[in-house]
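Quick notes on the structure that follows.
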Amino acid sequence: MGKTDRQQHWENVYQTKEPHQVSWTQEVPQTSLDFIQSFNKDKTASIIDVGGGDSKLVDCLLDLGYENITVLDISKTAIEKAKKRLGEKASKVAWIVNNIVDFKPNKHFDIWHDRATFHFLTDDEDVKMYLELVTQFVDSHLIIGTFSTRGPKKCSLLPITQYSEERLTNLFATNFSNICCKEEEHITPFETSQNFVFCGFNKKGN
């Protein structure tokens with residue numbers, strides 16, 4: 001699937017489905033919040049949620065007092081849904097519509113959070129680009145959440161790459177040290193189960 005086709009795929013998903021109709025919806029993204037808060041960063045820390053879509057992570061971070069949040073997603077419709085939900089609070093967030101493989105940040109980030117975007121990168125060159133991106137623009141901490149080896153092999157009809165704790169750790173090992181990993185049994189809005197692995201990393205030399 002080409003970049004244009006991929007973008008259109010996600011536009012179609014968000015144009016035709018509500019949160020209760022997609023598997024990734026979480027009312028409270030507790031695992032992500034736990035990782036972010038465990039870093040003990042100041043509330044002015046620069047945080048990016050990659051592939052944030054209309055996730056409620058941004059709502060929770062704003063409620064906790066974080067002031068410097070960026071949300072990136074390939075789907076303009078997903079971003080617009082999130083902005084509409086937040087209302088006036090949306091003006092406190094930087095919103096970016098872009099495919100992660102085309103993203104050229106204009107700033108560095110203290111915390112890079114990615115739940116279920118990285119595992120859609122099934123091409124070796126795209127994975128390499130992602131590694132170069134986080135190495136250059138992440139100053140402190142990295143959180144990656146993907147389907148585990150016990151999770152689904154596809155999502156929204158697209159193939160994904162499953163990861164183990166060891167595989168994620170080894171992949172980022174050149175520039176990031178693994179702090180900890182944990183599995184999460186995500187229960188979808190339609191009562192099915194998806195197993196994720198989340199890993200938190202420190203930037204080496206930080």
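Taking the side chain as every heavy atom from C-beta outward, Val50 and Val71 never approach each other to under 4.5 Å. Side-chain contact between Asp73 and Val97 is absent, with no heavy atoms from C-beta onward closer than 4.5 Å. In this structure the side chain of Thr146 never reaches within 4.5 angstrom of the side chain of Thr161, judged on heavy atoms. With contacts defined as side-chain heavy-atom distances shorter than 4.5 Å, the pair Glu27/Lys56 qualifies. Inter-residue side-chain proximity for Phe103 and Ile48 is flagged as met; some heavy-atom pair is nearer than 4.5 Å. Looking at heavy atoms from C-beta onward, Pro105 lies in side-chain contact with Leu133 at the 4.5 angstrom threshold. Contact of the Ser148 side chain with the Ser164 side chain is not registered, since no non-hydrogen atoms from C-beta on lie closer than 4.5 Å. Between Ile47 and Phe109 the shortest side-chain heavy-atom distance does not fall below 4.5 Å.
Here the shortest heavy-atom pairing between Ile96 and Ile79 reads O-CD1, 4.1 Å. Taking both residues in full, the closest heavy atoms of Met129 and Ile100 are given as CE-O, 3.7 Å, listed atom of the first, atom of the second, then distance. Between Leu168 and Cys199, the shortest heavy-atom contact is CD1-SG, 3.9 Å. The heavy-atom pair separating Asn99 from Arg6 by the smallest distance is ND2-CD, 4.5 Å. When every heavy atom of Lys43 is checked against every heavy atom of Gly65, the shortest pair comes out as CB-O, 3.5 Å. Here the closest non-hydrogen pair linking Phe198 and Ser32 is CE2-OG, 3.7 Å.
The line from NE2 of His119 to CZ of Phe196 is 6.0 Å long, rounded to the nearest 0.5 Å. Atoms NZ and OG, from Lys41 and Ser140 in turn, are 3.0 Å apart once rounded to the nearest 0.5 Å. Distance check: Ile144 CD1 to Phe118 CZ gives 6.0 Å after rounding to the nearest 0.5 Å. The structure places OH of Tyr14 at 9.5 Å from NE2 of His9, a figure rounded to the nearest 0.5 Å. In this structure, Thr16 OG1 and Glu11 CD are separated by 10.5 Å, a value rounded to the nearest 0.5 Å. Annotation: the span from Asp5 atom CG to Asn12 atom CG amounts to 12.0 Å, rounded to 0.5 Å.
Summarising the local packing, NZ of Lys107 is surrounded by more than 12 heavy atoms from other residues, nucleotides or ligands at distances under 6.0 Å. For Lys76, the NZ atom counts as loosely surrounded, since its 6.0 Å shell holds 12 or fewer non-hydrogen atoms of other residues, nucleotides or ligands. For Lys128, the NZ atom is loosely surrounded, since the number of other residues' heavy atoms within 6.0 Å does not exceed 12. Remark: Asp63 CG is packed, more than 12 non-hydrogen atoms of other residues, nucleotides or ligands lying under 6.0 Å away. By the 6.0 Å contact criterion, NZ on Lys204 is enclosed, its count of non-hydrogen atoms from other residues, nucleotides or ligands being greater than 12. Applying the 6.0 Å contact sphere to CD of Glu166 captures no more than 12 heavy atoms from other residues, nucleotides or ligands.
With Trp95 contributing its side chain and Ala90 its backbone, the two residues share a donor-acceptor pair below 3.5 Å. With hydrogens and angles ignored, the 3.5 Å screen pairs no side-chain donor or acceptor of Arg115 with any backbone N or O of Ser55. In terms of modelled atom types and a separation under 3.5 Å, the side chain of Asp54 and the main chain of Ala82 share no donor-acceptor contact. No donor-acceptor pair closer than 3.5 Å links the side chain of Ser156 to the backbone N or O of Leu158. For the pair Gln162 (side chain) and Gly151 (backbone), a donor-acceptor distance under 3.5 Å is present. Using a distance-only test at 3.5 Å, with no hydrogens or angles considered, no donor-acceptor pair links the side chain of Lys153 to the main chain of Pro159.
In this pair, Phe201 and Phe176 present their aromatic rings perpendicular. The plane angle is above 60°, beyond the 30 to 60° band.
Residues forming a ring pair (Phe, Tyr, Trp, His ring centres under 6.0 Å) with Tyr66 (at least two apart in sequence, or on another chain): none.
Tested against Tyr130, the residues Thr135, Asp114, Val101 include a single side chain to side chain contact (heavy atoms under 4.5 Å, CB included) partner, Asp114.
Using modelled atom types and a 3.5 Å distance limit, the side chains of Asp42 and Thr44 yield a donor-acceptor pair.
A salt bridge links Arg85 with Asp59: the closest approach of a Lys/Arg side-chain nitrogen to an acidic carboxylate oxygen falls below 4.0 angstrom.
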With side chain to side chain donor-acceptor pair (under 3.5 Å) as the test, would you mind laying out the steps for His141 and Asn202 before giving the verdict?
CA-CA 5 Å; His141 301 289; Asn202 272 338; 2.6 Å; yes
Does the side-chain contact (heavy atoms from CB on, under 4.5 Å) test come out yes or no for Leu62 and Lys92, once each step is laid out?
CA-CA 8 Å; Leu62 288 171; Lys92 299 180 180 180; 4.1 Å; yes
Go through Asp49 and Ile69 one step at a time and tell me if the side-chain contact (heavy atoms from CB on, under 4.5 Å) criterion holds.
CA-CA 8 Å; Asp49 185 17; Ile69 306 167; 5.7 Å; no
Do any side-chain atoms of residues 177-184 form donor-acceptor pairs under 3.5 angstrom with protein atoms, and if so which ones, sequence neighbours left out?
| from | atom 1 | to | atom 2 | distance (Å) |
| --- | --- | --- | --- | --- |
| Asn178 | OD1 | Cys180 | N | 2.8 |
| Asn178 | ND2 | Thr169 | OG1 | 2.6 |
| Glu183 | OE1 | Arg150 | NH2 | 2.6 |
| Glu183 | OE1 | Asn195 | ND2 | 3.4 |
| Glu184 | OE2 | Thr31 | OG1 | 2.6 |

